[in-house]
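Before any comments, here is the structure.
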Amino acid sequence: SAASDVYKRQIPDSVTTIESYAFYGCSSLTSVTIPDSVTEIHQFAFYGCSSLTSVKLPDGLKTIEYFVFGDCTSLKDVTIPDSVTEIGEIAFAGCTSLTHIDIPDSVTEIGSGAFGDTRIADSGLAEVTIPSGMKTVTSHAFAGCSNLQSVTIPDGVTAIEDAAFYDCSSLTSVTIPDGVTSIGGWAFRNCSGLKEITIPDSVTSIGDKAFSGCTSLNSITIPDSVTNIGEDAFAGCSDNLIVVCPENSCLLYTSPSPRD
């Protein structure tokens with residue numbers, strides 16, 4: 001098709017918006033220059049540009065929308081400007097060559113499955129530093145990033161929401177910073193490679209199935225600050241799992257059940 005035969009594209013300075021599906025399926029597109037005049041790039045704009053290797057997003061862009069770079073399987077390098085405040089749902093899902101991305105501190109929200117979700121498209125992301133602008137690790141933000149091995153959560157984060165790291169099966173350790181007060185339901189569910197996690201004294205609540213299916217987790221210490229541990233919080237973990245917790249928390253926790 002004509003779309004698939006496009007190799008390089010220089011977008012003129014007169015353009016302010018790249019509409020939905022503008023370069024959809026341009027599988028031969030290797031390079032694109034986006035001028036700083038562009039302030040909006042709409043959903044699916046570069047979906048399926050499987051030969052695109054790098055992209056520099058323009059200063060002035062505020063949101064990376066839904067599936068904008070979905071299935072850009074050769075994309076290795078993305079430059080996100082400080083103007084961006086939101087990365088939308090599954091924006092980079094299927095970008096299997098994107099192993100690292102620098103997210104600026106201006107970003108305050110990361111949508112569900114932004115970097116891939118095993119239910120929709122694979123993720124190549126292996127390491128990530130969550131921007132200091134985020135006060136919560138939003139629900140499903142990194143769910144399904146099965147290749148994610150390292151994550152840095154900054155001071156200033158106060159909550160890890162439901163399923164934030166669900167199905168991150170390659171994640172081996174996580175340090176939760178002081179200041180986090182709640183770990184949501186399913187937050188680390190099925191993180192089967194998780195061997196150690198540090199929970200700070202600021203945490204008061206651990207949600208339902210928060211660590212269920214963490215089959216490599218052998219011990220975890222619950223601080224005195226925790227007053228509520230949700231149902232099946234550690235269900236399906238290692239048979240040798242040792243949970244060390246204060247009396248007021250242990251009373252609210254029952255042994256791991258075999259339920260899913």
Side-chain angles (χ1 to χ4, degrees), residues 63-64 80 84-92 101-117 123 125 127-145 148-169 171-191 194 196-214 217 220-235 237 243-246 248-250 252-253:
T63 302
I64 302 173
I80 301 176
V84 170
T85 59
E86 180 182 353
I87 299 174
E89 293 183 15
I90 54 177
F92 295 97
I101 190 168
D102 290 320
I103 304 172
D105 290 339
S106 57
V107 172
T108 58
E109 184 172 351
I110 297 175
S112 176
F115 298 98
D117 189 325
S123 167
L125 197 66
E127 59 175 326
V128 69
T129 297
I130 294 170
S132 61
M134 289 185 67
K135 300 308 178 189
T136 65
V137 183
T138 44
S139 177
H140 291 84
F142 299 96
C145 289
L148 187 64
Q149 300 171 25
S150 170
V151 61
T152 302
I153 303 174
D155 294 335
V157 168
T158 59
I160 298 173
E161 294 187 349
D162 292 353
F165 297 98
Y166 170 60
D167 259 355
C168 291
S169 54
L171 196 61
T172 57
S173 67
V174 176
T175 299
I176 298 174
D178 290 334
V180 170
T181 60
S182 63
I183 300 172
W186 291 45
F188 295 94
R189 190 180 186 196
N190 289 352
C191 291
L194 191 63
E196 57 180 300
I197 189 161
T198 302
I199 298 178
D201 291 339
S202 54
V203 171
T204 60
S205 174
I206 297 174
D208 294 349
K209 299 185 179 179
F211 296 97
S212 68
C214 294
L217 191 63
I220 190 168
T221 300
I222 310 296
D224 291 342
S225 57
V226 173
T227 57
N228 182 66
I229 299 176
E231 183 178 357
D232 290 339
F234 302 99
C237 290
V243 180
V244 180
C245 57
N248 65 326
S249 291
C250 288
L252 298 172
Y253 173 70

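Side-chain contact check for Asp224 versus Asp201: every heavy-atom pair is 4.5 Å or farther apart. The shortest side-chain heavy-atom distance between Ile199 and Ile206 falls under the 4.5 Å cut-off. The shortest side-chain heavy-atom distance between Phe115 and Leu148 does not fall under the 4.5 Å cut-off. Under the 4.5 Å side-chain criterion, counting only non-hydrogen atoms from C-beta, Asp155 is not in contact with Asp178. Looking at Phe211 and Ile197, their side chains come closer than 4.5 Å, going by heavy atoms from C-beta outward.
For the pair Thr204 (side chain) and Thr227 (backbone), a donor-acceptor distance under 3.5 Å is absent. With hydrogens and angles disregarded, a donor-acceptor distance shorter than 3.5 Å links the side chain of Ser225 to the backbone of Val203. Within the 3.5 Å criterion, the main-chain N or O of Ile110 finds a donor-acceptor partner in the side chain of Thr138. Between the side chain of Ser106 and the backbone N or O of Thr85 there is no donor-acceptor pair closer than 3.5 Å. In this structure a side-chain-to-backbone donor-acceptor pair under 3.5 Å is missing from Thr63 to Glu86. For Thr152 (side chain) and Thr129 (main-chain N/O), no donor-acceptor pair under 3.5 Å exists by modelled atom type. Asp208 places a side-chain N or O within 3.5 Å of a backbone atom of Glu231 that can act as its donor or acceptor partner.
To the nearest 0.5 Å, atoms CG (Asp162) and OG (Ser139) are separated by 5.5 Å. For the atom pair Ile64 CD1 and Glu89 CD, the distance stands at 14.0 Å (nearest 0.5 Å). Distance CZ/Phe188 to OG/Ser212: 12.5 Å, rounded to 0.5 Å.
For the residue pair Asp105 / Ser132, a side-chain donor-acceptor distance below 3.5 Å is found, with atom types taken as modelled.
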